[in-house]
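Before any comments, here is the structure.
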Amino acid sequence: MMADRKREAREKFLLGGIVVRAGLSKADRAFLLGGLLELASVSPGTAEHRRLRDIGEEAFKAGAQDRGSPRIVETVE
């Protein structure tokens, strides 16, 4: 039970970091949710999914090279 809560808290922390990394920390919550719902409708394996994933991969790589910005480290559990 406690391990599940810790895992959930860590997941929320990492997702919040992604929002900050994207420069959306001050964005309207409804706007963010609307954008995420749109993203959820993009089917995995499609050209649009690959395009968006590539953009994200490049952003993670750029952040890892930039020592001045916070880094988000994904872990596979």
Side-chain angles (χ1 to χ4, degrees):
M1 181 75 159
M2 186 61 127
D4 290 339
R5 289 180 64 196
K6 282 181 92 170
R7 189 174 307 118
E8 185 178 325
R10 176 156 175 71
E11 182 178 3
K12 289 176 182 178
F13 175 79
L14 290 173
L15 292 172
I18 290 171
V19 170
V20 171
R21 180 85 159 270
L24 295 170
S25 61
K26 297 201 181 342
D28 178 69
R29 289 177 12 170
F31 169 76
L32 287 173
L33 181 56
L36 291 170
L37 290 170
E38 283 290 314
L39 284 173
S41 71
V42 177
S43 298
T46 63
E48 180 67 359
H49 186 273
R50 284 189 299 276
R51 183 184 75 82
L52 293 170
R53 191 172 197 315
D54 289 347
I55 290 169
E57 286 288 334
E58 288 301 314
F60 276 121
K61 288 177 189 173
Q65 294 169 358
D66 180 11
R67 300 286 181 217
S69 66
R71 295 189 305 173
I72 299 171
V73 179
E74 281 190 303
T75 58
V76 178
E77 296 181 32

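All residue numbers in this chain count up from 1 along the given sequence.
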Just grab all the salt bridge (Lys or Arg N to Asp or Glu O under 4.0 Å) pairs involving residues 26-43, residues at least two apart or on different chains.
none

So how far is it from Phe31 CZ to Leu36 CG, rounded to the nearest 0.5 Å?
9.5 Å

Are any of the side-chain nitrogens in Arg51 or Glu48 under 4.0 Å away from the carboxylate oxygens of its partner?
yes

The criterion is side-chain hydrogen bond (donor to acceptor under 3.5 Å, both in side chains); which residues satisfy it with Glu11, sequence neighbours excluded?
none

Run the salt-bridge test on Lys12 and Glu8 with the 4.0 Å N-O cut-off and return the result as yes or no.
yes

Look up atom CZ in Arg10 and atom CG in Leu15, then write down how far apart they are to the nearest 0.5 Å.
11.0 Å

